[in-house]
There are 2 protein chains.
Amino acid sequence: MTEATRTSAATLHDVAREAGVSLATASRSINGSTRKVNEELRQRVLLAADKLGYVANQSAQAIAKGSASTVALVVSDIADPYFSTMASGVIRGAEEARLLVTMAMTERSAERELELVRALRGGRPRVLVLTGSRFAGTELEASLVKELTAYEETGGTVVIVSQRSLPFDTVQIDNLAGARDLARALVDQGYRRFAAFTGVSSLLTSSDRLQGFRDGLGEFGLALDDDRVYRTDFTRDGGIAAVDAMLDDGIDDIDCVFAVNDVMAIGALSRLRDRGVSVPDDIAIAGFDDIDTARDVTPALTTVRLPLADVGAEAIHLALTADQRTSVATVTIGGDVVLRASTPRRA
Amino acid sequence: MTEATRTSAATLHDVAREAGVSLATASRSINGSTRKVNEELRQRVLLAADKLGYVANQSAQAIAKGSASTVALVVSDIADPYFSTMASGVIRGAEEARLLVTMAMTERSAERELELVRALRGGRPRVLVLTGSRFAGTELEASLVKELTAYEETGGTVVIVSQRSLPFDTVQIDNLAGARDLARALVDQGYRRFAAFTGVSSLLTSSDRLQGFRDGLGEFGLALDDDRVYRTDFTRDGGIAAVDAMLDDGIDDIDCVFAVNDVMAIGALSRLRDRGVSVPDDIAIAGFDDIDTARDVTPALTTVRLPLADVGAEAIHLALTADQRTSVATVTIGGDVVLRASTPRRA
DNA sequence: CTGTTAGCGCCTTCAT
DNA sequence: ATGAAGGCGCTAACAG
């Protein structure tokens, strides 16, 4: 913002002129191609480029090549550790393939997600990664699928994270098995009477985890009463609201709560403390995801560890190997139960 | 990945043909310009675009206009809540200006940062936001400044977050005042003998906070012994290492620890617990930033609240108003001390 | 191996 | 108000 002379950036043309070669030679020297370039000329070009501070215009490259060297990433909320951890994996994976990541946030709105996908398509990214659970079976979902299909028809690759049964490459998180294993572990710890905190039922991630948990309990002839399933938001505040609702109902007949994600569990933990209910003495609690905070709260939170960064990296890997396949692929990533102090063995 | 016919995306040309108008008219109808277009024709174009699922190729627009409608964002580590929260503000701010965000991670390497800035410049972003503390006075910093200056000379706007005294627009976080206020508050709570956990001294954020803290203590005639300043990493693990070092030295003469960020403080909290040192009974601890986790740990962490999302949004705002100014601007954002259970009033 | 040239998709004067 | 045509920076045939 000083009074600097506003020139325009050096172009390949400038570099070629500076080095005394043709455009083509300059291009080949800098961005490499199948064709070989005399080493001396190449050095001259590189030197000229360096001297002029030349950086290839990606837009120009993209337009000449037909697609950009980018990955478009859609997350619900980057401030949520679930997504930020996954995003770090996506960025790392993209980096290895020398791809830059363009990110957009839906703020958990399906309309917004659709808009964003359209906007991102404008960048002609090589890969489009959609994270976050969508609402199954809605009209918006149909529009989304249409948009994504159109995108793939123009040469891009879509990867969906965590949403199964959409006709695209998918990195699926095994929510069912993880929750089932968690249920088994909790029963093994001596718990018998459960409540659950979930998101709205159309959120697949949420309903899968609930279902898996029920499956696990079922193996022991235990059940989770519908009255004890508190549906709120998938957020910290959702956990707080769920605690309030649960305490209204009383917890005499409950010895353990399963919150379908850690963020909710942590909100619940905080609220329970505020309301004078001791965890784990009065009630135990478990979450899902194993975000960093889970081990830092007191009591440390029992949860299902998900390798979220790996999930992100795998999404990129899947996309970049898509052309070696003829049909969509699904990679399933499981989680491991991590027992911590929030669910001690019960006498 | 299905056997879908791989066509290429619809172009403006296609839309124009479909609507029976010229390229120019189509362009003006869709992206608007100063010139007017007959409303009926405009509708016809819009309809055609919709029918063909047309999405303007941003690269082409970028190349025609000279710069892309993007913001490039550099963070140290998006999985770190400090950065992810700030990033959410940047994304939101960018969105309002209909700009997409391209993000890159330095993983806290200065070399990497320089490389990334170069790579990002290739996208010809309208704005380049650099977050995270850099290492002052190094040769790399000089190269970085050179690169950034070159970028601005080609019409872009650089905004630095938190690093003062670089010749660019800056959103400065008032680390000095925040740390000073924290020191005052802790003294007011009855603490007198302090230790500090910091990052390497060349990290401005770290050294500013330490200096501010010392300033605050100085007002009461108190000092922070150099022997009691533990320099480790700016991370959770850094906090753990610092605790180990501190315990080796003994803590009989210490009643409160100031960790220059919450992430370190939380690592420290965890380590102290593991090593049987009670917080706040044996020693109190305070952090800086007020990341979400700070209120969820036990005891809840005293800290300095920073409106990180606002900081990100302000960076964009600053950049977009840069052309209304003739010189660089600095916006300073302060923090508020939040006293919590980790530093109770001392008898 | 190197240079020439025709696009890639869009915007924008410049005519009409 | 609309259309024709040149140009943005780069790549990739195609010649030489």
Side-chain angles (χ1 to χ4, degrees), chain A residues 6-46 48-49 52-70 121-126 154-156, chain B residues 6-45 48-49 52-70 121-126 154-155:
Chain A
R6 178 155 303 179
T7 57
S8 50
T11 71
L12 229 206
H13 190 95
D14 299 331
V15 175
R17 189 156 36 72
E18 173 78 23
V21 300
S22 74
L23 249 180
T25 301
S27 171
R28 295 197 268 255
S29 303
I30 291 178
N31 299 306
S33 79
T34 34
R35 318 196 80 57
K36 298 246 167 193
V37 176
N38 175 298
E39 184 57 21
E40 190 204 316
L41 275 194
R42 212 177 71 88
Q43 288 304 331
R44 232 198 301 159
V45 172
L46 261 26
L52 298 178
Y54 172 76
V55 183
N57 184 322
Q58 290 183 17
S59 295
Q61 292 190 151
I63 198 180
K65 290 181 168 166
S67 86
S69 296
T70 59
R121 277 190 65 192
R124 302 291 186 270
R126 203 106 84 207
T154 63
Chain B
R6 180 154 302 179
T7 57
S8 50
T11 71
L12 229 207
H13 190 96
D14 299 331
V15 174
R17 190 154 36 71
E18 173 78 22
V21 300
S22 75
L23 252 176
T25 301
S27 171
R28 295 197 267 254
S29 302
I30 291 178
N31 299 305
S33 78
T34 34
R35 316 197 81 57
K36 297 249 168 192
V37 175
N38 176 299
E39 184 57 21
E40 191 204 315
L41 275 193
R42 212 176 71 86
Q43 287 305 331
R44 234 197 300 159
V45 172
L52 298 178
Y54 171 77
V55 183
N57 185 322
Q58 290 183 19
S59 295
Q61 291 189 152
I63 199 182
K65 289 180 169 166
S67 87
S69 297
T70 59
R121 276 190 65 192
R124 302 292 186 270
R126 203 105 84 207
T154 62

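Chain A is the first sequence line, chain B the second, and so forth, proteins listed ahead of strands; every chain is numbered from 1.
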Can you check the [X] [atom1] to [N] [atom2] distance for me, whole Å?
{"X": "B/Tyr54", "N": "C/dC10", "atom1": "OH", "atom2": "P", "answer": "3 Å"}
{"X": "A/Arg42", "N": "C/dT2", "atom1": "CZ", "atom2": "C1'", "answer": "15 Å"}
{"X": "A/Arg44", "N": "C/dC1", "atom1": "CZ", "atom2": "P", "answer": "16 Å"}
{"X": "B/Ile30", "N": "C/dG9", "atom1": "CD1", "atom2": "C1'", "answer": "12 Å"}
{"X": "A/Lys65", "N": "D/dA12", "atom1": "NZ", "atom2": "P", "answer": "6 Å"}
{"X": "B/Gln58", "N": "C/dC11", "atom1": "CD", "atom2": "P", "answer": "11 Å"}
{"X": "B/His13", "N": "D/dA5", "atom1": "NE2", "atom2": "P", "answer": "13 Å"}

Would you check if the side chain of B/Asn31 reaches a backbone N or O of B/Arg28 as a donor-acceptor pair within less than 3.5 Å?
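Such a contact is absent between B/Asn31 side chain and B/Arg28 backbone.
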
| said: I'd like to know if the side chain of B/Thr25 and the backbone of B/Val21 have a donor-acceptor N/O pair within less than 3.5 Å. | reply: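 Here the side-chain-to-backbone pair does not exist.
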
TODO: State, with a plain yes or no, whether a side-chain heavy atom of A/Thr70 is found less than 4.5 Å away from one of A/Arg126.
DONE: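 When only atoms from C-beta onward are counted, A/Arg126 and A/Thr70 do not touch, as no gap falls below 4.5 Å.
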
Heavy-atom side-chain contact between B/Ser8 and A/Thr154 under 4.5 Å
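Of all side-chain heavy-atom pairs linking A/Thr154 with B/Ser8, none is under 4.5 Å.
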
Q: Determine the contact category for B/Ile63: base if any of its heavy atoms lies under 4.0 Å from a base atom, sugar-phosphate if only primed atoms, P, OP1 or OP2 are that close, otherwise nothing.
A: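 Touches a base.
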
- Just call it for A/Ala56: base, sugar-phosphate, or nothing, with non-hydrogen atoms closer than 4.0 Å on any strand.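 The residue A/Ala56 makes sugar-phosphate contact but no base contact.
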
Consider the side chain of [X], meaning its heavy atoms from C-beta on, and name the nucleotide among [options] that approaches it most closely.
{"X": "A/Asn38", "options": "D/dG3, D/dT11, C/dC1", "value": "C/dC1"}
{"X": "A/Leu41", "options": "C/dT2, C/dG9, C/dC11", "value": "C/dT2"}
{"X": "A/Val21", "options": "C/dG3, D/dT11, C/dG9", "value": "C/dG3"}
{"X": "B/Ser27", "options": "C/dC11, D/dT11, D/dT2", "value": "C/dC11"}
{"X": "A/Leu12", "options": "D/dT11, C/dG3, C/dT12", "value": "D/dT11"}

Side chain to side chain contact (heavy atoms under 4.5 Å, CB included) with A/Ser29: which of A/Leu41, A/Val15, A/Val45?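 Going through A/Leu41, A/Val15, A/Val45 one by one, the side chain to side chain contact (heavy atoms under 4.5 Å, CB included) with A/Ser29 is satisfied by A/Val45 alone.
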
side-chain hydrogen bond (donor to acceptor under 3.5 Å, both in side chains) partners for B/Arg44, two or more places apart: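 Partners of B/Arg44 under the side-chain hydrogen bond (donor to acceptor under 3.5 Å, both in side chains) test: none.
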
message: According to side-chain hydrogen bond (donor to acceptor under 3.5 Å, both in side chains), who are the partners of B/Glu40, at least two apart in sequence or on a separate chain?
response: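 side-chain hydrogen bond (donor to acceptor under 3.5 Å, both in side chains) check on B/Glu40 returns nothing, list empty.
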
| said: So for the helix from C/dC1-D/dG16 to C/dT16-D/dA1, with five pairs setting each end axis, what is the inter-axis angle to 10°? | reply: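 Answer for the end axes of this duplex: 40°.
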
_Between A/Asn31 and D/dC10, is there a contact of a side-chain N or O with OP1 or OP2 at under 4.0 Å?_
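False: A/Asn31 side-chain N/O out of range (4.0 Å or more) of D/dC10 OP1/OP2.
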
Problem - Phosphate contact (C/dC10 OP1 or OP2) by B/Gln61 side-chain N/O below 4.0 Å - result: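 So the side chain of B/Gln61 is outside the cut-off, no N or O lying under 4.0 Å from OP1 or OP2 of C/dC10.
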
What are the atom names and distances for every N/O pair under 3.5 Å that joins the protein to nucleotides 4-6 of chain C?
none

- Query: Using a distance-only test with no angle check, is there a side-chain donor-acceptor pair under 3.5 angstrom linking A/Arg124 and A/Ser67?
  - Reply: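 Side chains of A/Arg124 and A/Ser67: no pair found under 3.5 Å.
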
Contact nearer the 5' end of DNA chain D, comparing B/Ala60 with B/Glu39:
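This one resolves to B/Glu39.
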
Strictly by salt bridge (Lys or Arg N to Asp or Glu O under 4.0 Å), give each pair with a member in residues 56-68 of chain B just once, sequence neighbours left out.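 Salt bridge (Lys or Arg N to Asp or Glu O under 4.0 Å) check on residues 56-68 of chain B returns no pairs.
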
- Task: Write out all pairs satisfying salt bridge (Lys or Arg N to Asp or Glu O under 4.0 Å) with one or both partners inside residues 53-62 of chain A, taking only residues at least two apart or from two chains.
- Result: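 For residues 53-62 of chain A, and leaving out neighbouring residues, there are no salt bridge (Lys or Arg N to Asp or Glu O under 4.0 Å) pairs at all.
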
